[in-house]
Amino acid sequence: MKRGSKLGFAVVLVATLGALAAGCVASQGGGAAGSAAQKVYVKPGEKDAYYAFLSGGHHGNIYVYGMPSCRHITTIPVFTPEPAVGYGNDEESKAMLGGFTWGDAHHPGLSETDGDYDGRWLFINDMPNARIARIDLKDFKTKQIFGPIPNISAAHACPFPTPNTEYVFAASRFSVPVPNRDVKVEDYAKDFRGIVAGVKVDPKTGTMSLGFEIMMPPFDWDLSDAGKGPSLGWQFFTCYNSEMAYDSLEIKASQNEMDYFAAVDWRAAQKAVDEGKATMINGAPVLDPAKVKGIAYLIPVPKSPHGVDVDPSGQYVCCSGKLQAEVSVYSFAKIKAAIDAAKFEGEKMGVPTLKFEDCLEAKVPVGLGPLHTQFDNKGNGYTSLFLDSQIAKWKVGPPWNVEDKIDVYYSIGHLMASEGDTRHPTGDYVVALDKLSKDRYLNVGPTHPEAAQLIDLRGPKMELLYDFPTYLEPHYAQMIKAEKLHPITVYPLAENDKPGVIKRAEDARVERKGNRVDVYGLVVRTHFTPDVIKVNEGDEVYFHWTNLEQDDDIAHGFGILWSSKNMQIEPGETKTIHWTADKTGIRPFYCSNFCSALHQEMQGYLEVRPRGTPQAAVQRPDAKTIAEINALLAAR
Ligand code: K7E
Ligand code: CUA
C-alpha cells in the first residue's frame, strides 16, 4: 500500500514535469512574446538603462520616458504653461514664455562633447514662433527660451547641435519677405527669402545668442544635421519647394525632379560676421551669399527630401526623398572636393549649386516614403518609411544593400536610436515614432494617442518589443544612457540666491510700498509663514515663497482660491508669483501639493480690506509664531 502510493506519487510527478515542459515549449513557441516581455521588464524598484526625451509636438513640451520599460517618467514644461507646477504662472517662467501660450516642439537636441551626448543640456525648437529652449539636465528645468529669432519664419530645421555644442541652428520652413513688409504674395520668388541662423551656445553656461544669419532662396527649409569627423564645421539643411510655389504646394512643390540640400560652413559664416560683412536686419547680422562667398552651397536631392542625417563616421550625408523609394547617400569628401575645385553647375540667388553626380555616393532602395535615418554601432542605417509603415535596415557602405525590414503601426515619422545622433551609437534599440495609432489601444474617442514602438537592434533581425501610446505629438526624440545624467534631487538651500529668498523665520514679512506688497515667506511641513496676510483691494501682491525643505520629493504648492494662481515650490527653491487683490473680502490659500500627514492643514488667509484701509508698512509674524517655526525647523 505504502509502495503503491509512492509509485502513484512518482507517476503524478512525471506527469507534472511533462506538463511543465510542454508549457515551457508552448510559451517559447508562442514565443517571442515571452522573451520580448523579459527584454522590456524592469523590476519594481529598478531603473531603466536609458532616458528618452520625446518632443511634445504642439503640446509644446518634452516627455521623459525610461527605456526599455517605456515608462513615462515625467513631462518637462517648455513652451506651454503647465498648471500643476505653475510653469508660466510664476514670474520667472512667465517672463521666459514671453506671452506665448503654445509652441510646436519637434526636435530635441542633446548637447555634445566630441560628438557624444554629454548630458549637460537639452535643446528643443518651437517651430512656429522660431524659438529654441535650453533645458538644464541638472534639474530638468527650462532655463532659457531664445527667440523669436528675427527673420526666421518657422524654425523646423532646428536645433541639431554641433559636435561640441558650439551652435544650434534654425532655418525658415515657410519663407516670407526679409525684412517682412507690405508685399504681394504673388511676388514670392522676387521678395521672399529663407533664412538659416546659427545660434551660438556659451560653452560654460549654455546661454544662447545669435551668431549669424544667411539669406537663402525662398525654398521650404526642412531638416538639418551637423557634420562631424571629416565633415565637422559644416551643417546640412534639406529643402523642398525649390519650385517656389506659394499655393497648392502639395502639387506645385512636387514638380521638380530635384530639390536641394544646403551645406553651410558655419565657421566661415561666423568669421564673415566678425569681419563686418553682414547687414543688420531686424537686429540680426544677415549675410548675403551673393556678396559673401564660401559660406553656403546647394547639392541636388531627388524629390522633395525630408530628413538629412550624417552617419556616425561623418563621411556620409543621407537624404530621404519623400517621393522617392531611395535614400540618397552623399560622400562628404566628394562634396568638399567639388567645392574646392569650384565645380559648380550654377547658382540660386548667389548660392552655388554643385552637380548631383559629383557628390552622390550611393542610392539605397529602402522602400516607399523614406523620412529619417538613424544608425547603430555595427555600420547599419535604419530608415523610417512613412508610406510602407516599415523600418528598413541597410548597410552603410558597399554594397549598400537592405538587410532587414520590420512593420510598424502605423505611418512612422521619425525614429530614434539609442545614442543615435552621436559618433558612437550603442546599437541597442530604436524607437519608431508613429504618426497614427488607429486601433492599437483602448478606444478613447476621436483624439487617438500617437504610437511609439520599441524595437530591439541587438539580434541579426530587428525585433518589435513593445508598444506604448504617447500624448500629442512626438516628432523626434533622443535616447541617452542613464549613467550620463546625475540630476540633483533638491536645490541646495545654501546656494539659493534667488530674488526674494529668505532662510529664517525671523525674516518672514509683508512689505508695502504704495500699493505694491511683497510677501517674503517660508513654506515647510506644514506651515506657510506668514499664514495671515493683510492687504487692500487694488494691491499688487508679489509672493516670494522659499521652500526650506532639504528632503527629496517634499514640494509644496501655493494656490489662491478663485484665481488662476498656483505654483509648486520645490525643496530649497524660491519662486515668485504675482496676484492682484481684486476684491474686498477673505481669500483662502492652500498647499496644492500633497506633502505630509498635515498637508490638509497647510493653508492661510488673505484678508483683503477696502482701498485706503491703513496698513503697516511692514507686517511680521509675532514672536510666538517665529519660535514655533524655528522649533519645527530644528526638529527636522
Ligand atoms: Cu515630424 Cu522632424 Cu517635424 Cu519628420 S518632422 S516626421
Ligand atoms: Cu505643503 Cu501640501
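Note that ligands are numbered from 1 as they come in the structure, with each ligand's atoms numbered from 1 the same way. Just so we're clear, the structure is a prediction, and the values are computed from it rather than from any experiment.
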- Item | Sidechain N-carboxylate O distance under 4.0 Å for R525, E549 | yes
- Note on the structure: So the atoms of ligand 1 within less than 4.0 Å of a heavy atom of H107 turn out to be 2 (Cu), 3 (Cu), 5 (S)
- Message: Could you tell me if K322 sits above the aromatic ring of Y240, with its cationic atom closer than 6.0 Å to the ring centre and no more than 45 degrees from the axis?
- Response: yes
- Determine the interplanar angle of the F375 and W394 rings, folded into 0 to 90°, and report it as parallel if under 30°, tilted if 30 to 60°, perpendicular if over 60°. perpendicular
- Message: Which label fits H106 and H475: parallel for a plane angle under 30°, tilted from 30 to 60°, or perpendicular past 60°?
- Response: parallel
- For K575 and E91, run salt bridge (Lys or Arg N to Asp or Glu O under 4.0 Å): C-alpha distance rounded to whole Å, both residues' side-chain angles, the deciding distance at 0.1 Å, then the answer. CA-CA 8 Å; K575 268 186 178 171; E91 290 296 284; over 6 Å; no
- Note on the structure: Ignoring waters, protein N/O/S atoms under 2.8 Å from atom 4 (Cu) of ligand 1 are H306 NE2, H372 NE2
- Closest to atom 2 (Cu) of ligand 2, among the N/O/S atoms of H599, is atom ND1
- Query: Please state the angle at atom 2 (Cu) of ligand 2 spanned by SG of C591 and SG of C595: what is it, rounded to 10 degrees?
  - Reply: 120°
- Query: Does M602 put an N, O or S atom under 2.8 Å from atom 2 (Cu) of ligand 2?
  - Reply: no
- Task: Answer with yes or no whether K435 contacts ligand 1, where contact means a heavy atom under 4.0 Å from a ligand atom.
- Result: yes
- K435 and E473 ion-paired at < 4.0 Å: yes
- May I have the step-by-step check of salt bridge (Lys or Arg N to Asp or Glu O under 4.0 Å) for R173 and D220, ending in yes or no? CA-CA 5 Å; R173 173 168 162 202; D220 291 42; 5.6 Å; no
- Message: Ring of Y382, cation from K393 - is the NZ or CZ under 6.0 Å from the centre and inside 45° of the axis?
- Response: no
- Query: Which ligand 1 atoms are under 4.0 Å away from a heavy-atom of H156?
  - Reply: 2 (Cu), 3 (Cu), 5 (S)
- Within a reach of under 6.0 Å around CD of Q600, are more than 12 heavy atoms found that belong to other residues, nucleotides or ligands? no
